[in-house]
Amino acid sequence: QLQACGGGLVQPGGFLRLSCVGSGNMFSRYAIGWYRQAPGKQRELVATISSGHTTNYADSVKGRFTISRDNAKNTVYLQMYFLEPEDTAVYYCAVNRKPVPSRVASEYNYWGQGTLVTVSS
């Protein structure tokens, strides 16, 4: 079970930190991905982190977003800096039951309920 939180309304250039909390010990063994879906658009992969803490980012968020994990707390974070209106979307975290994350959404096994991020002045 996954619980994503931390979304909200923020002005352009602002900061938000999303959290994804899981149950059990799956976070320590499995890769985690953050996806987002904007209105009228397809779901897109934002960032991933492996069980070994290797990270990858979509080109659109490189240098602005940081994904990290705290296995002791069963939590993965997505820190989002210099937010832009184009970042407005529902953000989802998902578990890929492998140590190395997939880039294919259908290969993720568990999904959180999503948290809405709105970037607007």
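Keep in mind that what you see is a predicted model, and the values were worked out from it rather than measured.
Applying the salt bridge (Lys or Arg N to Asp or Glu O under 4.0 Å) test to every pair with at least one member in residues 109-121, sequence neighbours left out, gives no pairs at all. Annotation: disulfide (SG to SG under 2.5 Å) contacts involving residues 46-84, sequence neighbours excluded, are absent. Listed by first then second residue, pairs satisfying ring-ring contact (aromatic ring centres under 6.0 Å, His included) with a partner in residues 42-78 number zero, not counting sequence neighbours. Listed by first and then second residue, the side chain to side chain donor-acceptor pair (under 3.5 Å) pairs involving residues 6-22 amount to none (not counting sequence neighbours). For residues 70-121, the set of pairs meeting the disulfide (SG to SG under 2.5 Å) definition, not counting sequence neighbours, comprises C20-C93. The stretch residues 84-106 participates, sequence neighbours left out, in these side chain to side chain donor-acceptor pair (under 3.5 Å) pairs: R36-D87, R36-Y91, R64-D87, S102-E107. Residue pairs meeting the side chain to side chain donor-acceptor pair (under 3.5 Å) criterion with at least one partner in residues 111-121, sequence neighbours excluded, are absent.
Taking CG of L78 as the start and CD1 of I32 as the end, the distance is 12.5 Å to the nearest 0.5 Å. Atom OG1 of residue T66 and atom CE of residue M80 lie 11.0 Å apart, to the nearest 0.5 angstrom.
Put simply, V76 and L45 are part of two different groups of oily side chains (I, L, V, M, F, W, Y) that touch within less than 4.5 Å, one to the next. By the rule that hydrophobic residues join a cluster once side-chain heavy atoms approach within less than 4.5 Å of another member, V46 and V90 end up as members of separate clusters. Y35 and V117 are not part of a single hydrophobic cluster, where members link through side-chain heavy atoms under 4.5 Å apart.
Residues S51 and S28 approach most closely at CB-O, 3.8 Å, considering heavy atoms. In terms of heavy atoms, Q37 sits closest to A89 at O-CB, 3.4 Å. Shown here for Y108 and A94, the closest heavy-atom pair between the two residues is CD2-CB, 3.5 Å.
The hydrophobic cluster containing L9, built from Ile/Leu/Val/Met/Phe/Trp/Tyr side-chain heavy atoms closer than 4.5 Å, comprises no other residue. Residue F15 shares its hydrophobic cluster (ILVMFWY side chains chained together at separations under 4.5 Å) with Y81, F82. Chaining together hydrophobic side chains whose heavy atoms lie under 4.5 Å apart leaves V21 on its own.
The salt bridge (charged side-chain N to carboxylate O under 4.0 Å, His left out) test applied to K41 returns no partner, not counting sequence neighbours. When the side chain to side chain donor-acceptor pair (under 3.5 Å) test is applied to N109, no partner is found at least two apart in sequence or on another chain.
The shortest side-chain heavy-atom distance between P99 and S50 does not fall under the 4.5 Å cut-off.
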